[in-house]
Amino acid sequence: MTKVVTRFAPSPTGFLHIGGARTALFNWLYARRHGGTFLLRIEDTDRERSTETAVTAIIDGLRWLGLKWDGDAISQFARVQRHREVAESLIASGGAYRCYASPEELDEMRQQARAEGRPMRYDGRWRDRDPSEAPPGVKPVIRLRAKQEGETIIDDKVQGRVALANKDLDDLVLLRSDGTPTYMLAVVVDDHDMGVTHIIRGDDHLTNAARQLQIYQALGWEAPVMAHIPLIHGPDGSKLSKRHGALGVEAYREMGYLPAALRNYLVRLGWSHGDKEFFSTEEMMEDFDLAAIGRSPSRFDFAKLENMNGHYMRATTDAELLATLIESLPYLPGGPELGRRLDPAGRAKLAAALPGLKERAKTLVELVDGAGYLFSARPLQLDERAREIVAQGGRAHIAALLPRLAAIGEWTSPAIEAAVRDYAGESGAKLGQIAQPLRAALTGRATSPGIFDVLAVLGREESLGRLSDCARAA
RNA sequence: GCGCCCAUCGUCUAGCGGUCCAGGACGUCGCCCUUUCACGGCGGAGACACGGGUUCGAUUCCCGUUGGGCGCGCCA
């Protein structure tokens with residue numbers, strides 16, 4: 001059995017979007033699953049639209065997601081010489097021919113086709129014409145001499161057996177008049193030269209697959225196994241657009257998602273393994289297979305991603321989560337500000353507060369948010385509503401808590417919770433419910449009535465300034 | 001328009017002819033926990049697009065309809 005080789009082949013015309021990320025994930029998993037190789041090829045033959053920025057974005061995205069490819073990324077553009085040679089060899093073998101039809105002629109064909117209500121098909125006018133008849137000064141393209149009878153069959157691992165009539169597949173251009181290869185030629189040649197055994201890609205390429213198969217046949221090469229996976233749609237079922245989730249993966253990093261959570265969410269989009277929802281990387285590699293990929297498109301659902309991310313955060317050890325959080329700070333809203341507070345003392349405070357914080361956060365962004373109270377300036381400002389409530393008075397048993405709180409000094413959530421627990425032992429009050437509003441009160445971001453209640457007590461029994469001093473001091 | 005693909009709760013999905021008055025997860029609703037929020041626990045509502053076949057029997061097989069998607073470039 002030959003070794004499995006998969007590849008991810010994005011064109012660098014934008015960021016790495018979520019569909020591409022999943023395609024990459026599937027290829028990566030499949031290769032790892034079978035002890036094979038996962039390659040990265042940048043399809044940059046379109047010089048107009050390809051940018052260096054996009055290449056960087058894609059590479060960063062893959063790295064962040066933890067999808068490591070083997071060897072160096074291959075630039076398709078760097079291989080034009082080889083593509084040209086293959087095209088020429090096809091002419092020599094009779095599998096292709098030069099076509100001198102002008103853009104105007106093709107345009108006519110297109111318009112006529114439209115008028116007659118049929119798809120545009122090149123009419124093969126140069127298929128059997130002698131090159132000596134070539135009009136002067138016209139640079140030809142090279143076209144595949146495609147079979148016109150019968151059908152081309154794609155034996156797809158996901159879509160099953162798909163047959164396309166050859167009459168619907170015209171003589172596609174292999175080499176442009178400027179000597180650069182088209183996508184069709186380039187993929188085939190590169191996949192062959194790279195030894196790719198399995199092509200896993202979006203099913204928007206399904207029809208292309210038939211055309212590519214024809215090229216493989218003309219070349220006498222063995223075609224790789226193909227698996228065309230359904231696309232990911234937006235929440236309304238239409239094509240994923242910017243207003244949906246068609247963001248670059250870096251956007252997900254900025255939204256505070258963990259790579260492991262995103263991977264888990266993505267692998268379950270279009271693929272399943274019974275009722276299992278959570279997969280460690282090892283389990284994914286173990287269980288992943290093409291046969292279990294569904295054939296219907298799926299929609300992207302942020303709510304589920306967020307829930308899953310929450311699970312991953314809670315399951316991450318505090319030390320690891322702290323490291324991840326600190327690493328991610330530059331990308332998170334409010335992150336850099338928090339980062340500036342993290343001198344050794346600040347860092348210790350954050351570390352101590354993390355266990356309480358992560359219980360309540362679904363994303364790293366929420367974690368940053370929640371950590372705000374640790375560093376907000378004292379004394380805190382009370383808003384109108386809070387003042388009102390302070391004036392009305394509050395609950396006695398929290399008031400009784402204050403001396404203890406004043407004594408601890410360390411305003412981290414475990415410290416607060418420990419004090420509350422200590423107090424709760426006598427009063428019967430449960431913990432956690434008190435600690436959180438205290439924390440919120442100290443940030444001045446109090447929003448719920450319960451929090452106002454606490455503020456009220458604080459305001460009456462002790463001055464906020466005094467509390468702040470306690471917080472700062474010890 | 002032509003070709004191809006798809007169709008189970010709002011969403012992701014399990015189901016590969018009888019075990020399904022359809023299972024899980026997210027979301028949602030209610031209760032519990034709790035003087036907030038979150039976590040957690042318990043429970044509820046919620047789907048086989050429609051119409052024909054095939055079969056003793058269809059969510060599962062076939063055909064059509066409807067609805068989505070993709071492709072139809074000297075873009076990838």
Side-chain angles (χ1 to χ4, degrees), chain A residues 9-13 43-46 48-50 76 99 101 103 106 110 113-114 116-122 139-143 154 156 158-160 162-165 167-170 172-178 180-184 186-187 202-208 210-211 228 230-231 233 235 237-239 265 268-278 294-308 310 314 356-362 366 370 394-395 397-398 429-441 446-454:
Chain A
S11 58
T13 53
E43 310 229 309
D44 51 359
T45 50
D46 183 347
E48 299 288 299
R49 301 200 301 157
S50 300
Q76 188 160 63
C99 166
L106 292 172
R110 228 181 308 273
R114 174 185 282 263
E116 290 170 24
R118 56 183 172 79
M120 152 68 175
R121 288 295 89 105
Y122 172 69
K139 285 219 161 65
V141 298
I142 295 181
R143 283 182 187 271
I154 307 160
D156 194 274
V158 171
Q159 304 292 336
V162 180
L164 275 325
K167 65 174 169 55
D168 294 330
L169 274 16
D170 59 357
L172 65 275
V173 173
L174 297 172
L175 204 69
R176 291 188 269 261
S177 53
D178 65 359
T180 60
T182 60
Y183 164 73
M184 292 294 173
V187 245
D203 71 6
D204 49 336
H205 286 287
L206 190 58
T207 329
N208 291 334
R211 297 182 131 87
H228 288 90
L231 271 18
H233 290 169
S238 66
K239 187 180 176 159
Y265 175 72
R268 284 284 292 101
L269 220 49
W271 175 81
S272 61
H273 189 70
D275 283 339
K276 191 164 172 173
E277 295 283 348
F278 286 91
R295 278 186 288 180
S296 53
S298 43
R299 306 182 186 195
F300 195 88
D301 180 18
F302 271 101
K304 187 152 183 175
L305 204 213
E306 195 158 289
N307 172 279
M308 200 160 246
R314 269 172 267 127
L357 250 28
K358 79 174 182 184
E359 278 303 308
R360 284 166 252 270
K362 289 205 172 86
E366 289 179 14
R395 319 257 175 149
H397 73 271
I398 293 184
K430 296 278 170 69
L431 93 122
Q433 292 79 19
I434 297 171
Q436 175 66 14
L438 282 172
R439 202 182 297 138
T447 48
S448 75
I451 291 168
F452 283 119
D453 281 352
V454 175

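Proteins come first, then strands; the chains are lettered A, B, ... in the order of their sequence lines, and each starts at number 1. Since we're looking at a predicted model, the values are computed, not measured. Every heavy atom of this structure was used, including side-chain atoms; hydrogens, water molecules and symmetry mates were not.
With sequence neighbours excluded, the residues that form a side-chain contact (heavy atoms from CB on, under 4.5 Å) with A:Val173 are A:Val141, A:Arg143, A:Thr182. In this structure A:Asp170 satisfies the side-chain contact (heavy atoms from CB on, under 4.5 Å) test together with A:Arg121, A:Tyr122, A:Arg211, sequence neighbours excluded. In this structure, A:Asp156 has no salt bridge (Lys or Arg N to Asp or Glu O under 4.0 Å) partners at least two apart in sequence or on a different chain. Scored by the salt bridge (Lys or Arg N to Asp or Glu O under 4.0 Å) test, A:Asp46 finds A:Arg49 as partners (sequence neighbours excluded). With sequence neighbours excluded, the residues that form a side-chain contact (heavy atoms from CB on, under 4.5 Å) with A:Ala163 are A:Glu151, A:Ile153. In this view, A:Lys276 and A:Glu283, A:Asp287 satisfy the salt bridge (Lys or Arg N to Asp or Glu O under 4.0 Å) rule, not counting sequence neighbours. For the salt bridge (Lys or Arg N to Asp or Glu O under 4.0 Å) test, residues two or more places apart in sequence or in another chain that qualify with A:Glu277 are A:Arg268, A:Lys304. In this structure A:Asn307 satisfies the side-chain contact (heavy atoms from CB on, under 4.5 Å) test together with A:His311, sequence neighbours excluded.
Using a 4.5 Å heavy-atom cutoff, the side chains of A:Leu164 and A:Ile154 are in contact. Taking 4.5 Å as the limit, some side-chain heavy atom of A:Met184 sits within range of a side-chain heavy atom of A:Asn208. Looking only at side-chain heavy atoms (C-beta outward), A:Ser50 and A:Pro12 come within less than 4.5 Å of each other.
The base of B:rC74 is paired with the side chain of A:Ser177 by a donor and an acceptor separated by under 3.5 Å. Below the 3.5 angstrom threshold, one finds a donor paired with an acceptor across the side chain of A:Asp275 and the base of B:rG23. For A:Asn208 and B:rA76, a side-chain-to-base donor-acceptor distance below 3.5 Å is present, hydrogens and geometry of angles not being considered.
Rounded to whole Å, the separation between the P atoms of B:rG51 and B:rC42 comes to 39 Å. Between the C1' atoms of B:rC21 and B:rU65, the separation comes to 28 Å (whole Å). Taking atom P in both B:rC48 and B:rC12, the straight-line distance is 16 Å, to the nearest Å. Spacing between B:rA49 and B:rG68 at atom P, rounded to whole Å, works out to 16 Å. Remark: the separation of the C1' atoms in B:rG53 and B:rC70 is 30 Å, to the nearest Å. Comparing the C1' positions of B:rA58 and B:rC20 gives an interatomic distance of 11 Å, to the nearest angstrom. Nucleotides B:rC5 and B:rG24 place their P atoms 34 Å apart, quoted to the nearest Å. Between the P atoms of B:rC61 and B:rC16, the separation comes to 11 Å (whole Å).
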Tabulate protein N/O versus nucleotide N/O from nucleotides 63-67 of chain B, keeping only pairs under 3.5 Å, one per line.
none

For nucleotides 46-51 of chain B, tabulate all protein N/O to nucleotide N/O atom pairs closer than 3.5 Å, reporting atom names and distance.
none

What does the list of N/O pairs under 3.5 Å between the protein and nucleotides 27-32 of chain B look like, with a distance for each?
residue	atom	partner	partner atom	Å
B:rG27	OP1	A:Asn307	ND2	3.4

Filtered N/O pairs between nucleotides 6-8 of chain B and protein, under 3.5 Å:
residue	atom	partner	partner atom	Å
B:rC6	OP1	A:Arg295	NE	3.4
B:rC6	OP1	A:Arg295	NH1	2.7

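The main-chain N or O of A:Glu306 is never found under 3.5 Å from a side-chain atom of A:Tyr265 such that the two would form a donor-acceptor pair.
Of the candidate nucleotides B:rG71, B:rA76, B:rC12, B:rG71 has the atom nearest to the side chain of A:Thr207. The side chain of A:Val141 lies closest to B:rC74 when the candidates are B:rC74, B:rG69, B:rC5. The listed nucleotides are B:rG40, B:rC5, B:rA38; the one nearest the side chain of A:Leu206 is B:rC5. For A:Arg314, taking side-chain heavy atoms from C-beta onward, the closest of the listed nucleotides B:rU11, B:rC4, B:rG40 is B:rG40. The side chain of A:Arg360 approaches B:rC37 more closely than any other nucleotide in the set B:rA76, B:rC70, B:rC37. Taking the side chain of A:Leu164 as heavy atoms from C-beta on, and the options B:rA76, B:rC4, B:rA25, the nearest nucleotide is B:rC4. Taking only side-chain atoms of A:His233, from C-beta outward, the nucleotide of B:rG69, B:rC4, B:rU11 with the closest atom is B:rG69.
Remark: B:rC72 base-pairs with B:rG1; criterion is Watson-Crick or G-U wobble with both hydrogen-bond distances under 3.5 Å. In this structure B:rA7 sits in a base pair with B:rU66, meeting the Watson-Crick or G-U test at under 3.5 Å. Across all strands shown, B:rC61 forms a Watson-Crick or G-U wobble pair, both distances under 3.5 Å, with B:rG53. In a base pair of the Watson-Crick type (N1 to N3 plus N6-O4 or O6-N4) or a G-U wobble (N1-O2 and O6-N3), with each distance short of 3.5 Å, B:rG30 is matched with B:rC42.
What you find for A:Gln76 and A:Ala186 is that their closest heavy atoms are NE2-CB, 3.2 Å. Scanning both residues, A:Ser298 and A:Leu269, for their nearest heavy atoms gives OG-CG, 3.6 Å.
OP1 and OP2 of B:rA76 both lie 4.0 Å or more from every side-chain N or O belonging to A:Ser50.
Nucleic acid contact class of A:Glu43 (heavy atoms, under 4.0 Å, all strands): sugar-phosphate only. Among the heavy atoms of the strands lying under 4.0 Å from A:His205 is at least one base atom, whether or not backbone atoms are also near. Across all strands shown, A:Arg143 has heavy atoms under 4.0 Å from sugar-phosphate atoms exclusively, and none from any base.
The residue among A:Thr180 and A:Gly294 whose nearest nucleotide of RNA chain B lies closer to the 5′ end is A:Gly294. Heavy-atom distances to RNA chain B give each of A:Gln76 and A:Ser272 a nearest nucleotide, and the one nearer the 5′ end belongs to A:Ser272.
Taking the six-membered ring where tryptophan is involved, the planes of A:His205 and A:Tyr183 are tilted, since the angle between them lies from 30° to 60°. In this pair, A:Phe302 and A:Phe300 present their aromatic rings perpendicular. The plane angle is above 60°, beyond the 30 to 60° band.
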